[in-house]
Structure formats: structure tokens, C-alpha cells
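Throughout, protein chains are lettered first and strands after them, A, B, ... in sequence-line order, and every chain is numbered starting at 1.
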There are 2 protein chains.
Amino acid sequence: MEKHKNISMAVIKRLPKYHRYLEELMKNEVDRISSKELGEKIGFTASQIRQDLNCFGDFGQQGYGYNVKELYTQISAILGLDRGYEAALVGAGNIGQAVSNYSRFENLGFKITAIFDANPKLIGMKIRDVEIMDIDEMESVLEEHKIDIGIICVPRKNAQVVADELIRGGVRAIWNFAPVDLVVPDHVKVENVHLSESLLTLIYLLNESES
Amino acid sequence: MEKHKNISMAVIKRLPKYHRYLEELMKNEVDRISSKELGEKIGFTASQIRQDLNCFGDFGQQGYGYNVKELYTQISAILGLDRGYEAALVGAGNIGQAVSNYSRFENLGFKITAIFDANPKLIGMKIRDVEIMDIDEMESVLEEHKIDIGIICVPRKNAQVVADELIRGGVRAIWNFAPVDLVVPDHVKVENVHLSESLLTLIYLLNESES
DNA sequence: TAGATTGTTAATCGATTAACAATC
DNA sequence: TAGATTGTTAATCGATTAACAATC
């Protein structure tokens with residue numbers, strides 16, 4: 001399976017969508033699907049789907065299409081969902097609490113096992129059985145505990161410092177909810193959830209269609 | 001200013017980023033900036049920045065660059081931030097509450113003026129002075145009150161129904177936090193915040209860089 | 001076998017980058 | 001004026017779509 005190299009971002013960003021639609025098809029007990037049918041569901045061209053999937057392997061069968069269950073398993077493996085992930089969340093404010101409480105992630109093998117905040121009022125509180133710790137303890141916790149993913153939900157001005165600290169603690173992937181572009185070394189991956197940018201895009205589109 | 005047509009999504013998605021960086025430059029009291037300097041800050045090529053901006057007008061001056069304040073004003077206007085927006089949020093669970101509480105939006109002229117939920121325990125509670133109303137009242141509230149943007153924070157299975165209801169009530173833009181792709185008529189714009197997809201992308205990148 | 005649908009190559013389309021004359 | 005930097009056209013690069021032989 002060494003096809004795996006130099007996959008474009010465009011393709012990568014579509015993988016989770018395939019995953020979601022295949023999960024749904026499985027739930028509806030659909031056994032097979034052609035690229036044409038899947039394309040109609042998902043809103044892609046059949047051609048694009050075949051191109052995308054062929055970046056990773058030959059999952060289909062001529063004259064038949066794709067076996068839903070098998071393809072789902074394959075995509076899950078490609079995404080890396082065949083193992084679990086431990087995350088540490090920093091910043092237990094509005095968004096931090098929402099993310100901590102979001103149960104949908106657990107099906108994906110994703111677990112938040114540590115939560116940090118600087119606010120004394122929050123420290124000691126529990127979110128889904130995980131106690132909020134003092135951010136000063138983060139360094140030592142990261143040392144004794146292997147964390148895959150850091151989640152940054154702190155105010156903008158603290159985000160970079162927290163990122164640096166997470167990286168020093170061995171974190172290789174950062175899910176960033178703060179409205180900044182973090183500066184990180186090459187071996188660290190960042191995925192941003194920039195809510196304001198998303199909202200501004202929507203506002204632009206709203207006005208565009210009205211004018 | 002009728003250059004405004006047929007702007008590609010790639011460009012539109014970059015506009016909020018320009019807005020953010022220009023805001024920061026203004027705060028730092030920078031008067032002028034060249035496409036080269038801005039590019040270095042923001043991580044785009046100078047060429048791309050000039051191309052992007054020229055979709056909307058001639059904002060620069062040869063030999064000088066761009067006036068930060070003026071460009072910021074222009075980008076704000078392009079994004080539609082020269083007026084205010086009223087939003088209705090549906091689903092006051094984890095994410096709904098986080099979004100309701102997110103104060104950063106108010107600087108953008110964006111205000112959540114109505115919140116709905118189906119849960120009797122939540123109805124009557126207040127979030128930032130806005131009372132959570134019974135979702136059954138939504139139809140009448142939308143009738144008497146002009147709402148620009150609907151925010152969907154309900155569970156997946158209810159999202160499409162809520163979207164339909166918002167659209168019937170005259171909403172033209174939907175900010176969707178539910179993990180579904182909504183089906184809407186052409187004149188309605190949807191911007192998705194798909195947290196699971198974002199997380200899966202990050203997990204993929206994490207594994208890619210490790211292998 | 002015949003029909004369907006894949007994997008893959010080639011053609012097209014769109015977005016990014018480079019180059020440079022215009023000009024402040 | 002000379003240097004700097006734009007706006008814009010042309011070249012390149014990459015992503016999407018179309019086409020079709022291979023084959024289940």
C-alpha cells in the first residue's frame with residue numbers, strides 16, 4: 001500500500017466526506033455502490049471519486065462497483081482510524097467545553113484525556129469525567145503521558161505560547177480553534193477551525209447572492 | 001465597483017484572512033504595506049495578493065503599496081461588514097451555547113437575537129441576555145422579525161428539518177454545525193463547520209507525517 | 001456471454017506564479 | 001529623477017473531467 005505518497009490536499013479534504021457517506025450507507029445496509037451513485041449522493045463526479053480512491057488502491061471491481069463495507073474499512077484505515085488517539089485540550093472556556101463534551105468524536109477512537117485551564121474557578125471541575133487541571137501542570141503531564149493531539153481553545157494572544165508548549169511536550173498534531181495562524185516546525189501538523197473566517201465567508205456569499 | 005462578479009471560491013475563502021491581517025496591522029499602527037510584505041506575513045505570494053485584490057478594484061499605488069487603513073475598509077465593505085446582521089441560533093446544546101457566547105462576532109456587526117431549543121430544561125434560560133425560546137415558536141418569531149442568518153447546532157437527524165423551516169421563514173444564509181450536507185435551494189447559501197471532518201483531516205496528516 | 005463499471009490515460013479547465021510595462 | 005511596487009498579461013502548474021480499453 002505504498003501508493004500513499006504525495007496526496008494533494010484537495011483529495012485529503014474529501015476523505016472524511018467519503019468516510020461519512022460510507023458510514024451512512026452501511027447503516028442503511030447498502031452492500032454495493034458504483035462511483036456514479038456515490039457521486040450523485042455526495043455531490044462529486046464519478047470520475048473524481050474513482051481518481052481519489054485510486055490514489056490509495058484498487059478498491060473497486062469492474063462491472064460491480066465498490067463493496068460498501070470494504071471501502072469503509074479501507075478509508076478508515078487510510079485516515080488512520082484503526083487505532084485510538086489521545087488528546088489534550090487547553091482552554092476550558094466556551095469552545096473548549098463544547099469540544100470536550102462533543103461525544104461524536106469517541107466513535108472515531110478519539111479521546112480527550114487531559115484538560116487544562118489557567119482560570120482557578122475552572123480548575124478541579126470535571127467535564128465528562130476528566131478533571132480540569134492547572135495549565136502549569138501541563139508540562140509534567142505531557143511528559144508522563146503520551147498525547148497525540150493538542151487542542152487549542154485559548155484566547156488568541158495565548159495560542160502561540162500554548163502551541164509551543166504542546167510541541168515541546170511531544171505533540172505532533174494541533175487542532176487550533178484560536179483565530180491565529182500558528183507558527184510550527186514542519187513535523188507538526190495544524191488543522192484550524194477559524195469560526196470568524198467561516199462566518200465572514202457566509203456573510204460574503206449572502207451579499208453576493210443578494211446583489 | 002462592478003468588478004464584483006464571478007469571484008472564485010478560492011479567492012473568497014482568502015478574503016477573511018486579509019481582513020484579519022489588516023486589522024492586526026492597523027492595531028500595530030502600520031500605515032502602508034506592499035504585497036510582498038503582506039505576503040510574507042500571511043503566507044501567500046505577492047502575486048496572488050495582487051491578483052486577489054484586483055478582482056475587486058485598484059486599491060494600491062505603484063511604488064508605494066497599499067494604505068492599510070483604506071484597504072481594510074475596502075475589504076470590510078467587500079465582505080459586507082458595513083452593515084449589521086441578525087442571526088437566529090437553533091439548538092442550545094454544547095456547540096450552540098459556545099457559539100452564542102462567542103463574543104468575537106460582535107465586532108463584526110453580527111448579533112444573535114434569537115435562540116431556540118426543543119429541550120424544556122433549556123427554554124427560558126438566558127445566554128448573554130437572549131432568552132432561549134421553544135422551537136415551536138420559531139415560525140412566528142421569524143415572521144415578525146427579519147433574520148439574516150440561521151445557525152444550526154441541532155443533532156444531525158434534525159438539521160435538515162430545521163434548515164427547511166429557517167428557509168421558509170425567509171433566512172438566506174445558514175451556518176451549519178451539524179454533520180450533514182444540507183439540501184437547500186440556490187438562493188440560500190450554506191457554510192459548514194464540520195468538526196469531525198476537520199479532526200479526521202488532522203488525524204490523516206498526523207499519520208502521513210509519521211510514516 | 002453481454003452489460004456494467006472500473007482503473008487509468010488524455011484533454012480540459014481553473015488557479016497560481018512569473019514577468020514586465022506602467023506609473024507613483 | 002530613480003527606485004519601488006503596482007496592475008495585468010502570459011506561462012506554468014495542478015486539479016477536475018472526459019474517454020475508453022480492460023475486465024468482472
| task | Rounded off to whole Å, could you give me the CD-to-P distance for the B/Glu37 and D/dA4 pair? | result | 13 Å
| field | Base D/dT6 paired with B/Gln51 side chain (donor-acceptor, <3.5 Å) | value | no
| Rounded to the Å, how far apart are A/Phe44 CZ and D/dT16 P? | 9 Å
| query | Once you round it to whole Å, what is the distance between C1' of C/dA15 and CD1 of B/Ile7? | reply | 13 Å
| Whole-Å distance separating the CG atom of A/Asn67 from the C1' atom of C/dT5 | 15 Å
| Between atom NZ in B/Lys13 and atom C1' in C/dA15, what is the gap in whole Å? | 16 Å
| task | Taking all heavy atoms of B/Leu108 and all of B/Leu81, pick out the closest pair and write down the distance. | result | O-CD2, 3.8 Å
| request: Please report, rounded to the nearest Å, how far the C1' atom of D/dT6 is from the CG atom of B/Asn54. | output: 8 Å
| remark: Of A/Asp52 and B/Lys36, the one whose closest nucleotide on DNA chain D sits nearer the 5' end is B/Lys36
| query | Hey, does the side chain of A/Tyr66 come within less than 4.0 Å of C/dA4's phosphate (OP1/OP2), counting only N and O? | reply | no
| request: Kindly state whether the ring of B/Tyr85 and the ring of B/Trp175 have centres lying under 6.0 angstrom apart. | output: no
| request: Give the intermediate values and the outcome of side chain to side chain contact (heavy atoms under 4.5 Å, CB included) for residues A/Glu191 and B/Leu199. | output: CA-CA 8 Å; A/Glu191 169 74 15; B/Leu199 178 60; over 6 Å; no
| said: Under 4.0 Å from OP1 or OP2 of C/dT6: is there any side-chain N or O of A/Ser35 that close? | reply: yes
| query | B/Asn6 has an atom CG; how far is it from atom P of C/dG14, in whole Å? | reply | 11 Å
| request: Compare all side-chain heavy atoms of A/Ile127 with those of A/Leu89 and state whether any distance is below 4.5 angstrom. | output: no
| task | Just compare C/dT16, D/dA15, D/dT8 and give me whichever is closest to any side-chain atom of A/Ser8. | result | D/dA15
| said: B/Ser35 and side chain to side chain donor-acceptor pair (under 3.5 Å): which single residue from B/Glu40, B/Arg50, B/Gln51 fits? | reply: B/Arg50
| query | Within the pair B/Arg14 and C/dT16, is there a side-chain N or O less than 4.0 Å away from OP1 or OP2? | reply | yes
| query | Is any side-chain heavy atom of B/Ile42 less than 4.5 Å from a side-chain heavy atom of B/Ile49? | reply | yes
| request: State whether B/Arg32 and B/Glu70 are salt-bridged, where the test is any N-O pair (Lys NZ or Arg NE/NH1/NH2 against Asp/Glu carboxylate O) under 4.0 Å. | output: no
| note | B/S/- along nucleotides 19-24 of chain D (protein heavy atoms under 4.0 Å) is BB-BBB
| message | Counting runs of three or more consecutive pairs, Watson-Crick or G-U wobble, with each distance below 3.5 Å, where are the stems of DNA chain D? | response | C:3-24 with D:3-24
| field | Separation of atom CD1 in B/Ile49 from atom P in D/dT8, rounded to whole Å | value | 17 Å
| When you measure from the side chain of B/Gln48, which nucleotide among C/dT17, D/dG7, D/dA15 comes out closest? | C/dT17
| message | Would you say that B/Leu15 contacts B/Tyr18 through its side chain, given a criterion of any heavy-atom pair below 4.5 Å between the two side chains? | response | yes
| task | Step through the shown structure and confirm whether more than 12 heavy atoms of other residues, nucleotides or ligands are within 6.0 Å of NZ on B/Lys17. | result | yes
| message | Under a 3.5 Å threshold, yes or no: a donor from one side chain and an acceptor from the other, between A/Gln160 and A/Asp164? | response | yes
